[in-house]
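Note that the structure is a prediction, hence the values are computed from the model and not measured.
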Amino acid sequence: MPLLSHAVEQAPEAGLNARTLTARQRKPVRPLPWPVLLLLAYLGGITIIGKGPTYLGYPPLFWGEVVMAVSLLLIAPLRPQVQRADPQRAFLSLLIVLWLVLGLTLTLVGLPEWKLEALRDAATVYYALFYFVGLGLAAQVQIADRVWKVLTAFWVIALIWGTADLLSGKQLSMMGPVLPWRGVPILFNARDETGQNLALGALLVIGTHMLRKQPFLKVALIGVSIIGLGSLLGSEGRAVRLGFVAAVFVLVALSFAPKPITIARRARMLAITAVPVALLLLVTIPDLRYKAQLDRFSEESFSEKETTAYWRLLWWERLLEEVVERNPAFGLGFGESLHVYHPALENLSDPWMLRAPHNIHVTVLARMGFVGLMIWILILVFGIGTLFFRVWRGRSGARICPKARREELAFWVAMLVYTIVNSSFGVLMEGPVLGIWFWLALGFAFGRCGDWKTARETSLQRRKVIARLALLEEGCAA
């Protein structure tokens, strides 16, 4: 029975499924629902380009607010056909609800005095609503599989565009029509945001099996990845480079799991190769330490008053003192610009230029106090930690994770870690480009754990499909 034997050979680890049927027996692929397409269009804009597309709209209503409203109404409520208990996801969802309730309360307190400024600052909190959008997006497995493929394509395009922009000296990102209400071109981006998406695209190209059926394109994109990562690692930003190292470190750690996965093994090979190459370049190229701006990582920079490290530390210390003095539990609230707590910024004419202290954790502490900071740390440790150990073990309780899904979840863990480290040195998660992405990724990753099956369920599914295919072959033979 050639059809049956072919189906068995091609079956994924989770068991046979409808994809083993012949082309005539398959159902036609339906277009993605329009709310999903709208969300993907927005994600494509902020992933490939960056900040520019987020300003489309008319102040104070931008494209992102419309996407969030539609997604909350039509995507977040989606639920899988078979509900599976997941205590870890339930606990994480509870933490995020507490986070939202606290943020809403503090926003309402500051609203009478600060009005629109309070709502803008509260974006740090309400972007967490995209966690529930991510859960809903992952609820329908067939839609989620297609969404994952589209998202990987976005990061590959971001790799190409980001590399070209770096090589042009950021000239490409200054092209296009200028948005008059913000004064920036539509292709405008921020270095650390586009740099992160460039690096994530390179990790997908180098670390996964994508494009394995298109070897010439794969080789070309590996070349682009090497050029892009080289340009990125030699750029000015410390945060985006530290984030990349942290993401690779997480994948390297996963390479020591009992059943290592491809992206983790290749990340370990990348790290092993990169260290001697970097040392060789440092030895052979004069002043590379300064040309690559590695001196910005030196310890003495924290004590020199002219450096940005000292500038940040002074700001963070002043904010900590102010929170402890005024309201240790719930912080300074939303609406007041935090630049007034830096002695060098007190007379700044445009407070929106430097409104947050270039560290998401300090922003949370300043706005929401130690109660908000505690909830935030619990979300990070429990959320990312749970995903990490699920990838490490390849299972959640008795439910087994398919190999391809482990590869995907490993990428999400690396992406989340990258975002947190990157946002620890800049105003990133306070904005939509990484703020929306972090929460959506966290929800989508947890949602992608919802359809795992036990060994018994996989065996039963395999038997049913084999029996169905046997009947189909008998019908075709007759």
Side-chain angles (χ1 to χ4, degrees), residues 38-40 42-47 50-51 53-57 60-73 75-76 92-93 95-108 110 116-138 151 190 192-193 196-197 331 333-335 338 352 355-368 372-373 375-380 383-384 412 415-420 422-424 426-447:
L38 178 65
L39 176 61
L40 286 175
Y42 187 79
L43 293 176
I46 64 176
T47 303
K51 284 187 183 295
T54 67
Y55 299 125
L56 290 174
L61 185 63
F62 294 103
W63 184 19
E65 280 72 20
V66 175
V67 171
M68 182 171 69
V70 171
S71 299
L72 287 173
L73 289 172
I75 298 178
L92 179 62
S93 298
L95 288 175
I96 293 174
V97 169
L98 291 175
W99 167 264
L100 287 166
V101 170
L102 177 59
L104 175 61
T105 303
L106 294 175
T107 303
L108 292 175
L116 188 58
E117 284 81 358
L119 292 176
R120 288 177 175 175
D121 290 337
T124 305
V125 173
Y126 67 69
Y127 285 146
L129 291 168
F130 278 94
Y131 164 82
F132 299 101
V133 175
L135 287 177
L137 194 61
L151 295 178
D192 291 339
E193 293 165 346
Q196 174 172 321
N197 289 322
F334 296 100
L338 301 181
W352 287 104
R355 193 172 183 83
H358 290 239
N359 185 309
I360 182 61
H361 317 292
V362 178
T363 297
V364 171
L365 172 64
R367 297 293 186 190
M368 306 172 72
L373 183 64
I375 298 173
W376 170 244
I377 292 174
L378 283 173
I379 290 172
L380 295 184
I384 299 177
W412 286 125
M415 181 265 193
L416 291 168
V417 170
Y418 201 145
T419 304
I420 290 300
N422 201 4
S423 299
S424 298
V427 185
L428 300 175
M429 280 190 64
E430 292 88 341
V433 177
L434 291 188
I436 288 175
W437 247 131
F438 174 84
W439 293 105
L440 184 80
L442 186 62
F444 189 76
F446 264 88

Side chain proximity check, [X] to [Y], heavy atoms < 4.5 angstrom:
X	Y	value
Ile360	Leu428	no
Met415	Phe438	no
Leu40	Leu151	yes
Leu104	Tyr126	no
Asn422	Met429	no
Trp376	Leu365	no
Pro432	Ile46	no
Leu38	Trp63	yes

Main-chain N/O of [Y] paired to [X] side chain as donor or acceptor, under 3.5 Å:
X	Y	result
Ser424	Ile420	yes
Asp192	Gly426	no
Arg367	Phe334	no
Glu430	Val427	no

Residues which pass ring-ring contact (aromatic ring centres under 6.0 Å, His included) with Tyr55, listed by chain and number, not counting sequence neighbours: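 Counting only residues at least two positions away or on another chain, Tyr55 forms no ring-ring contact (aromatic ring centres under 6.0 Å, His included).
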Leu380, Thr419, Ile379 screened by side chain to side chain contact (heavy atoms under 4.5 Å, CB included) with Leu442, the one that passes: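 The residue from Leu380, Thr419, Ile379 that satisfies side chain to side chain contact (heavy atoms under 4.5 Å, CB included) with Leu442 turns out to be Ile379.
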What is the distance from atom [atom1] of [X] to atom [atom2] of [Y], rounded to the nearest 0.5 Å?
X	Y	atom1	atom2	value
Leu416	Ile384	CG	CD1	5.0 Å
Leu338	Thr363	CG	OG1	6.5 Å
Leu102	Thr107	CG	OG1	9.0 Å
Trp439	Leu129	CH2	CG	10.0 Å

Nearest atoms (heavy-atom pairs only) where [X] meets [Y]:
X	Y	answer
Ser423	Leu434	OG-CD1, 4.4 Å
Ser93	Leu135	OG-CD1, 4.2 Å
Glu65	Leu61	CB-CD1, 3.7 Å
Gly103	Val125	CA-CG1, 3.7 Å
Pro53	Gly45	CG-O, 3.7 Å
Ala128	Leu100	CB-CD2, 3.9 Å

Show the numbers, then the answer: is there a side-chain contact (heavy atoms from CB on, under 4.5 Å) between Leu373 and Met368? CA-CA 7 Å; Leu373 183 64; Met368 306 172 72; over 6 Å; no
What verdict does the side-chain contact (heavy atoms from CB on, under 4.5 Å) test give for Leu39 and Phe130, after you've listed the backbone C-alpha separation in whole Å, the side-chain angles of each residue and the deciding distance to 0.1 Å? CA-CA 11 Å; Leu39 176 61; Phe130 278 94; 4.2 Å; yes
Using side-chain contact (heavy atoms from CB on, under 4.5 Å), reason through Tyr42 and Ile436 one step at a time and then give a plain yes or no. CA-CA 10 Å; Tyr42 187 79; Ile436 288 175; 3.6 Å; yes
Does the plane of the ring in Trp412 sit parallel, tilted or perpendicular to the ring in Phe444? Use 30° and 60° as the thresholds. perpendicular
For Leu43 and Leu440: C-alpha separation, side-chain torsions, deciding distance, then whether side-chain contact (heavy atoms from CB on, under 4.5 Å) applies. CA-CA 10 Å; Leu43 293 176; Leu440 184 80; 3.4 Å; yes
